[in-house]
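One structure is given below, encoded as structure tokens.
All of these numbers come straight from a predicted model, not from anything done at the bench.
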Amino acid sequence: MTVEVVENEQEKRYEARIDGALAGVAVYVPADGMRVITHTEVDPAYEGRGVGSALARFALDDIRARDTKVMPLCPFVLGWMQRHPDYADLAFNAPASRVVD
């Protein structure tokens, strides 16, 4: 079984397919200098087969190739990045807020 992942730019999501069937998606919102990954979902019929990990890796590799950053609002992608520290450099770090008196 091979998980094939592609970007569907029109739908603003990455799609994972197994034997041509849609197995999962990672939805993103393009933003200034980054992509915000908002949601990842795997069809229950394909859970436990590495679909989520394939989506996360493909999305993050694509973001790296674009020389941009990611804001992982999706708990799955955030956890995946924490388990794969070689992707930590992609995380968008918002500037610290300032208190103005």
Side-chain angles (χ1 to χ4, degrees):
M1 174 202 77
T2 302
V3 179
E4 182 179 287
V5 182
V6 297
E7 180 186 9
N8 180 335
E9 235 178 306
Q10 187 171 358
E11 296 290 325
K12 307 245 184 307
R13 67 186 194 178
Y14 296 97
E15 299 176 343
R17 297 185 178 275
I18 297 176
D19 296 328
L22 185 63
V25 297
V27 180
Y28 66 84
V29 175
D32 189 28
M34 74 173 124
R35 285 203 168 172
V36 180
I37 299 180
T38 60
H39 180 69
T40 301
E41 186 172 338
V42 174
D43 184 303
Y46 298 101
E47 287 180 359
R49 298 186 187 183
V51 173
S53 291
L55 281 164
R57 184 178 306 278
F58 185 94
L60 295 170
D61 286 345
D62 181 60
I63 289 165
R64 177 171 279 141
R66 294 171 186 274
D67 196 28
T68 190
K69 298 292 183 182
V70 65
M71 181 180 289
L73 297 183
C74 168
F76 178 83
V77 173
L78 177 60
W80 195 91
M81 288 179 73
Q82 291 169 342
R83 289 187 306 279
H84 297 85
D86 46 320
Y87 287 89
D89 63 304
L90 295 177
F92 174 77
N93 295 313
S97 61
R98 292 186 345 192
V99 175
V100 178
D101 293 322

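One finds the CZ atom of Arg35 at 12.5 Å from the CG atom of Leu90 (value rounded to the nearest 0.5 Å). Interatomic distance, CZ of Arg13 versus OG1 of Thr38, reported as 11.5 Å (0.5 Å rounding).
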Item to check | Trace of the side chain to side chain contact (heavy atoms under 4.5 Å, CB included) decision for Ile37 with Ile63 | outcome: CA-CA 11 Å; Ile37 299 180; Ile63 289 165; 4.2 Å; yes
Item to check | Derivation of the side chain to side chain contact (heavy atoms under 4.5 Å, CB included) call for Val25 and Glu11 | outcome: CA-CA 10 Å; Val25 297; Glu11 296 290 325; over 6 Å; no
Checklist entry - Between Leu22 and Asp43, is a side chain to side chain contact (heavy atoms under 4.5 Å, CB included) present by the stated rule, with each step listed? => result CA-CA 8 Å; Leu22 185 63; Asp43 184 303; over 6 Å; no
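A continuous path of ILVMFWY side-chain contacts below 4.5 Å connects Val42 to Leu60, so both sit in one hydrophobic cluster. No single ILVMFWY cluster, assembled from side-chain heavy atoms under 4.5 Å apart, contains both Leu73 and Leu78. Val5 and Ile18 fall within a single hydrophobic cluster, where Ile, Leu, Val, Met, Phe, Trp and Tyr side chains are chained together by heavy-atom contacts under 4.5 Å. A single hydrophobic cluster is seen to contain both Tyr46 and Val3, as judged by linkage of ILVMFWY side chains at heavy-atom distances under 4.5 Å, directly or through other members. Note on Val51 and Phe76: same hydrophobic cluster, where clusters join Ile, Leu, Val, Met, Phe, Trp and Tyr whose side-chain heavy atoms are under 4.5 Å apart, directly or indirectly.
When all heavy atoms of Ala26 and Thr40 are compared, the pair lying nearest together is CB-OG1, 3.8 Å. When all heavy atoms are compared, the tightest approach of Pro72 to Met81 is CG-SD, 3.8 Å.
At distances below 3.5 Å, at least one donor-acceptor pair connects side-chain atoms of Thr68 with backbone N or O atoms of Met34.
Taking the six-membered ring for Trp and thresholds of 30 and 60 degrees, His84 and Tyr87 have ring planes more than 60 degrees apart, a perpendicular arrangement.
Shown here is Asp89, whose CG atom has more than 12 heavy atoms of other residues, nucleotides or ligands within 6.0 Å. Annotation: Asp67, atom CG; neighbour count of heavy atoms from other residues, nucleotides and ligands within 6.0 Å does not exceed 12.
Looking at residues two or more places apart in sequence or on another chain, you find a salt bridge (Lys or Arg N to Asp or Glu O under 4.0 Å) between Arg17 and Glu15.
Just one of His39, Glu7, Lys12 meets the side-chain hydrogen bond (donor to acceptor under 3.5 Å, both in side chains) condition when paired with Tyr28; it is Glu7.
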